[in-house]
Amino acid sequence: MGKNLGKIISITGNMIAVVVEKHIIQNEVAYVLMGDKRLKSEVIKIQGNIAYLQVFEYTKGIKVNDTVEFSGKMLSVQLGPGLLAQIYDGLQNPLPKLAQEFGFFLPVGAERDAIALKKKWKFKPSVKKGDRVSAGSVLGHVPEGIFKHKIMVPFYLKDEYVIKDIAGEHDYTVDHTIARLKGKKGDIIDVSMVFEWPVKIPIEAYKEKLPPKETLITRVRVIDTFFPVAKGGTYCIPGPFGAGKTVLQQLTSRYAEVDIVIITACGERAGEVVETLREFPHIVDPRTGKSLMQRTVIICNTSSMPVAARESSVYTGATIAEYYRQMGLDVLLLADSTSRWAQAMREISGRLEEIPGEEAYPAYLESRIAQFYERAGAVRLHDGEIGTLTIGGTVSPAGGNFEEPVTQSTLKVVSAFHGLSRDRANARKFPSIDPHESWSKYKSFIKDDSVNFAKSILSKGNGIRQMMKVVGEEGTSTEDFVIYLKSEFLDAVYFQQNGFDPVDASTDAKRQEYVFSKIVKNILQKEFSFSDKENARHFFYNLRQFFIDWNYKRWNTKEFSKQEDKINKLLAGNSHAKSMH
Amino acid sequence: MRKVCTRILSIVGNVLTVRAEEVAYEELAQVSTSMGTSLAQVIRLDKDIVYLQAFQGARGISTGDEVTFLGHPMRVGFSSDLLGRIFNGSGIPRDGGPPLTENLIEIAGPAVNPAKRIIPSHMIRTNIPMIDVFNSLVESQKLPIFSVSGEPYDELLVRIALQAEVDMIILGGIGIKYDQYMYFRDALEEGGSLSRSIFFIHTASDPIVEGLMVPDMCLAVAEKFALGGKRVLVLFNNMTNFSDALKEIAITMEQVPSNRGYPGDLYSQLAARYEKAVDFEGAGSITILAVTTMPGDDITHPVPDNTGYITEGQFYLRNGRIEPFGSLSRLKQLVNKKTREDHRSIMDGMLQLYAQYREAEEKRTMGFRMSEWDKKLLKYGKLFEDNMMDLKVNIPLEEALDNGWRIMADCFSPEESNFRTELIEKFWPR
């Protein structure tokens, strides 16, 4: 069979038109042959014998009549052991390997294996000759860092098969045949530890999808207590620039209580990824005692890298995440930022001269966003185990205005909304999640009634605060003023969290429950009596000071109890204090 | 052999079309007219029709003029002789010195591999407290100066250029007035910094396309110096003009505009330039400061908005001062833990109090009675503005921190300041 070749007839930006004689597939991968370089591209439109391709590299130097070679395969990623701790570009090229070979700058047209082919893995079979298997069935496993990496029947095999041969316990490279499967028609299929899967198609080799129930502990207090996320759920973080989206994502990637975190840096600053990739190898995950990098995969297509690859990077991330979910693990996919991904779609749509929708985004923006978030979910696998994939995406709305199309399309499909506010960020209140605007449809691990009580104090306090702007402090009763002080106190000591302090940056569920119940019972629900407002303010400022100091003390240490005693004494000092209920 | 065309098919705006084969995308061509020669770049290829963007504009070009393809993309000469020199957007000398012919390098080269980047860790001191204390500038950072016309951003840039601890300055002027250009040249000469500077200047009267080249020229040269171990500070003035040039050209090319007439790829275009800021491991670095004027003082305008998402914070220049709210250096956390232990707390604490001052001030102007606390805040706000925010204040970081404690002790009791007890014990003036 000869190669399927075409000739370029036009070039505009990163889009080329190619005349082809043979059949081509929509979303097929093709290569522009430019001297000795092969520029990867993808078919995005076909009209007669002309194919329109987006080139994943800069198109400088391409000429009309240059040859294009079609691969016959859709854009795919390699799945197998060795993905963890890796840093890939949007097309799954390992960036450290490229750096080793090419130095400081990204080369044009270089493609490298995503999974090291020479590395040997200790394979342990878990099936035997004659067993019946189908797509996703576990054939055995290899140790990958802290995980048992399950070696599965490739997901693209649709039939039932019988094991004809299975490799014994031994070290193999990923491309070594470890099983021979026999199909119903007697066809024989060789299976190795690695296979390819097209990124734009969700992996569905599981028994059923379940509703997300269990809370995912992120260790960010305001999220876990007030606006929780469930394992297998979806959430979004829209916010204007400077509101702390990326810092929040970084904290989550560090502290969230899940097995695996996939970080997709999509069209954002390279500097932010660098912090993650330079620091993670040195941070010990307290849950496993191993480096954080061992549970992390970074997909990194930063803003100065070619736009077309940016569009595919979120799919690359989702596919790798789904692959690990198939092993019964809890996976968290963080996409930063989905707006850049949407903009990449917009750029490509513009070059295709499609009729533009709102703000020139393509009409299919909404369905693409929905399809992406729908890849999340808790699933029961064929072996009965449960795996989850949680997706959290940041949104960078133009002008910080949540009415724009990407935010609105996202809000329709996610179940938790952590809206960041510029005012809170300007006042240095971090995380700047707006407690009045955010919401979540998932359940917190803390009882509803105390959460609701705290919320009511918060909204009352906000009302009083607004009122005071009109009538002034002198026009407000001391009673109302105390409610206002309570709400400010809750904000300062519980909502706000110092992400740069080793202790305060992460609060686990136990500590959240303990501290929150203390705040609700001993402060929010307490009725205090003060001679005047100045007196009340003084008391609450002192209390706030003690609580902030408390937040910096390690859980269950002497210092922690000592500080708590100080708080108790201060509370007891307000002798008129009595319970409201 | 160079390809030559002698018939221009169409001239629309700054775009010419000719019929030619074997032409590469983004290749450069030379157009010879009766007025002289100018450069043009291939921006689209459609079968044998080549679309060229003429840097000097299309005015005066005849359909019978000669177009010669040069066989290479845009390049700029590079050598250490560049220091002290001034060029225009096409790389032609403005200062009467010799033209750039040797050691030519391509502009707009490939992106840096993120895996090769390192975490920035060197603070660039400027002796401006609003920068050093509250939003430290970090080597390899990219920061815009958001501002409106009439604000003293030229003066701020010059002060930073003269005082910043870097090896060399590259100034890119895009669409600036001729007298602004003169001001920069004279001010740097007076301050003795011209010999460590290179200028690429496009003035408002120059052809618009040339302005688009300025950032790429500056950054290509900066990159070479940085790889050679130099710490380079690149100053742009002003990136809103650059974006407007992009808009003008996109609309002439009949692209679908996305937001207020700007092209959909405005973000990518700006990011491609700003992301050149880098710290090369074992070599030098590029730091970028860029004036971005906000039309109508509107931070949600597409240019400042897209810029804000790309850069690592911003300095917000308003009423002649760097505003503490809205200004942000995202990288400050990487350097301000190594300066002095009270640096971070002063930074956050003083701003929180200043925010409360603003509220008190608002109440005061509305005629409400001032509580004791409000009166303290009002006193604090005044002291803060005079001793920290005023751009005339020119003191090292440590002195500014000491000033901070003094201001707070003048106004508040220690527990009102909301600081951690250990710090109060150590630093609170008694």
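Order of the sequence lines fixes the chain letters, A, B, ..., with proteins taken first and strands second; residue numbering starts at 1 for each chain. Computed from a prediction, not measured in an experiment: that's the story for all the values here.
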- Item | Ionic contact status for Lys469(A) with Glu359(B), cut-off 4.0 Å | no
- Task: Show the numbers, then the answer: is there a side chain to side chain contact (heavy atoms under 4.5 Å, CB included) between Met305(A) and Asn113(B)?
- Result: CA-CA 9 Å; Met305(A) 289 158 82; Asn113(B) 187 333; over 6 Å; no
- What pair of heavy atoms forms the shortest contact from Ser304(A) to Ala272(B), and how long is it? CB-CA, 4.2 Å
- Message: Determine whether a donor-acceptor pair (N or O, by modelled atom type, separation under 3.5 Å) exists between the side chain of Tyr541(A) and the backbone of Ser417(B).
- Response: no
- Query: Checking Glu372(B) against chain A: side chain, backbone, both or neither under 4.5 Å from a heavy atom?
  - Reply: both
- Counting distance only, does the side-chain N/O of Glu275(B) pair as donor-acceptor with the main-chain N or O of Ala270(A) below 3.5 Å? yes
- Message: Taking the side chain as everything from C-beta on, heavy atoms only, tell me whether Arg420(B) gets closer than 4.5 Å to Asp549(A).
- Response: yes
- Message: Can you tell me which portion of Gln41(B) sits under 4.5 Å from chain A's heavy atoms? Options are side chain, backbone, both or neither.
- Response: neither
- Could you have a look at Lys429(A), Glu353(A), Met468(A), Arg465(A) and say which one has the most heavy-atom pairs with chain B under 4.5 angstrom? Arg465(A)
- Message: If I measure from the heavy atoms of chain B, does Val247(A) come under 4.5 Å with its side chain, its backbone, both, or neither?
- Response: neither
- Item | Proximity breakdown for Val471(A) and chain B, heavy-atom pairs closer than 4.5 Å | backbone
- Query: How many angstroms lie between CZ in Phe104(A) and NZ in Lys116(B), if you round to the nearest 0.5 Å?
  - Reply: 5.5 Å
- Is the charged tip of Arg340(A) near the ring of Tyr309(B): under 6.0 Å from the six-membered ring centre and within 45° of its axis? yes
- Note on the structure: Turns out that what part of Phe102(A) lies under 4.5 Å from chain B's heavy atoms comes down to neither
- Query: Non-hydrogen atoms of chain A under 4.5 Å away: do they reach the side chain of Ile49(B), the backbone, both or neither?
  - Reply: neither
- Message: At a 4.5 Å cut-off on heavy atoms, which part of Phe419(B) comes close to chain A: side chain, backbone, both, or neither?
- Response: backbone
- Message: Quick check on Glu275(A) against chain B: is it the side chain, the backbone, both or neither that has a heavy atom closer than 4.5 Å?
- Response: both
- Task: To the nearest 0.5 Å, tell me how far Ser258(B) OG sits from Glu359(A) CD.
- Result: 7.5 Å
- Is a salt bridge present between Lys60(A) and Glu106(B), judged by a nitrogen-to-oxygen distance below 4.0 Å? yes
- Note on the structure: Cut-off 4.5 Å, heavy atoms of chain A, and the answer for Leu328(B) is side chain
- Message: Please classify the contact between Val112(B) and chain A as side chain, backbone, both or neither, with a heavy-atom cut-off of under 4.5 Å.
- Response: both
- Task: Tell me, for Tyr267(B) versus chain A, whether the close heavy atoms (under 4.5 Å) come from the side chain, the backbone, both or neither.
- Result: side chain
- Side-chain heavy atoms of Arg44(B) within contact of Ile11(A), under 4.5 Å: no
- In sequence, state the C-alpha distance, the side-chain angles, and the governing distance for Arg310(A) and Ser268(B), and then conclude on side chain to side chain contact (heavy atoms under 4.5 Å, CB included). CA-CA 11 Å; Arg310(A) 192 190 298 168; Ser268(B) 302; 3.3 Å; yes
- Query: Can you say whether Thr311(B) sits under 4.5 Å from chain A via the side chain, the backbone, both, or neither, judging by heavy atoms?
  - Reply: backbone
- Query: chain B heavy atoms under 4.5 Å from Arg544(A): which part of the residue, side chain, backbone, both or neither?
  - Reply: side chain
- Where does Thr302(A) contact chain B at under 4.5 Å (heavy atoms): side chain, backbone, both or neither? side chain
- Query: Is there a side-chain contact between Ser371(B) and Glu534(A), using heavy atoms and a 4.5 Å cut-off?
  - Reply: yes
- Message: When you compare the side chain of Glu272(A) with that of Arg330(B), does any pair of heavy atoms fall below 4.5 Å?
- Response: yes
- What residues form a side chain to side chain donor-acceptor pair (under 3.5 Å) with Asn336(B), not counting sequence neighbours? Arg344(B)
- Could you go step by step and tell me if Phe241(A) and Asn306(B) meet the side chain to side chain contact (heavy atoms under 4.5 Å, CB included) rule? CA-CA 9 Å; Phe241(A) 62 82; Asn306(B) 277 295; over 6 Å; no
- Cut-off 3.5 Å, side chains only: do Thr300(B) and Asn401(A) have a donor facing an acceptor? no
- Task: Measure distances from Ser413(B) to the heavy atoms of chain A and classify the residue's part below 4.5 Å as side chain, backbone, both or neither.
- Result: neither
- Task: Could you check if a side-chain atom of Leu227(B) sits within less than 4.5 angstrom of a side-chain atom of Phe105(A), using non-hydrogen atoms only?
- Result: yes
- Item | Under 4.5 Å from any heavy atom of chain A - which part of Pro324(B) | backbone
- Query: Should Val64(A) and Glu21(B) be marked as a side chain to side chain contact (heavy atoms under 4.5 Å, CB included) after you check the CA-CA gap, both sets of side-chain angles, and the distance that decides it?
  - Reply: CA-CA 8 Å; Val64(A) 167; Glu21(B) 279 176 357; over 6 Å; no
- Message: Using modelled atom types and a 3.5 Å cut-off, is there a donor and acceptor pairing between side-chain atoms of Glu474(A) and backbone atoms of Phe368(B)?
- Response: no
- Between Asn65(A) and Lys47(B), is any pair of side-chain heavy atoms under 4.5 Å apart? no
- Val273(A) versus chain B, heavy atoms under 4.5 Å apart: side chain, backbone, both or neither? neither
- Would you mind checking which part of Ile87(A) comes under 4.5 Å of any heavy atom in chain B, side chain (CB onward), backbone (N, CA, C, O), both or neither? neither
- When you measure from the side chain of Gln343(A) to the backbone N and O of Asp265(B), does any donor-acceptor pair fall under 3.5 Å? no
- Which atoms of Lys245(A) approach chain B - backbone, side chain, both or neither, heavy atom under 4.5 Å: side chain
- Item | Heavy-atom contact with chain A under 4.5 Å, split by part of Leu270(B) | neither
- Message: Is Pro257(B) close to chain A through its backbone or its side chain, or both, or neither, when contacts mean heavy atoms under 4.5 Å?
- Response: backbone
- Close side-chain approach of Pro110(B) to Tyr58(A), heavy-atom, < 4.5 Å: no
- Task: Please round to the nearest 0.5 Å and tell me the distance separating atom NE2 of His538(A) and atom CD of Glu415(B).
- Result: 5.0 Å
- Query: Is the closest basic N to carboxylate O distance between Arg269(A) and Glu312(B) below 4.0 Å?
  - Reply: no
- Task: Sort Pro73(B) into side chain, backbone, both or neither according to what part of it lies under 4.5 angstrom from a heavy atom of chain A.
- Result: side chain
- Query: Checking Pro304(B) against chain A: side chain, backbone, both or neither under 4.5 Å from a heavy atom?
  - Reply: backbone
- Query: For Glu268(A), is it the side chain, the backbone, both or neither that has a heavy atom under 4.5 Å from a heavy atom of chain B?
  - Reply: both
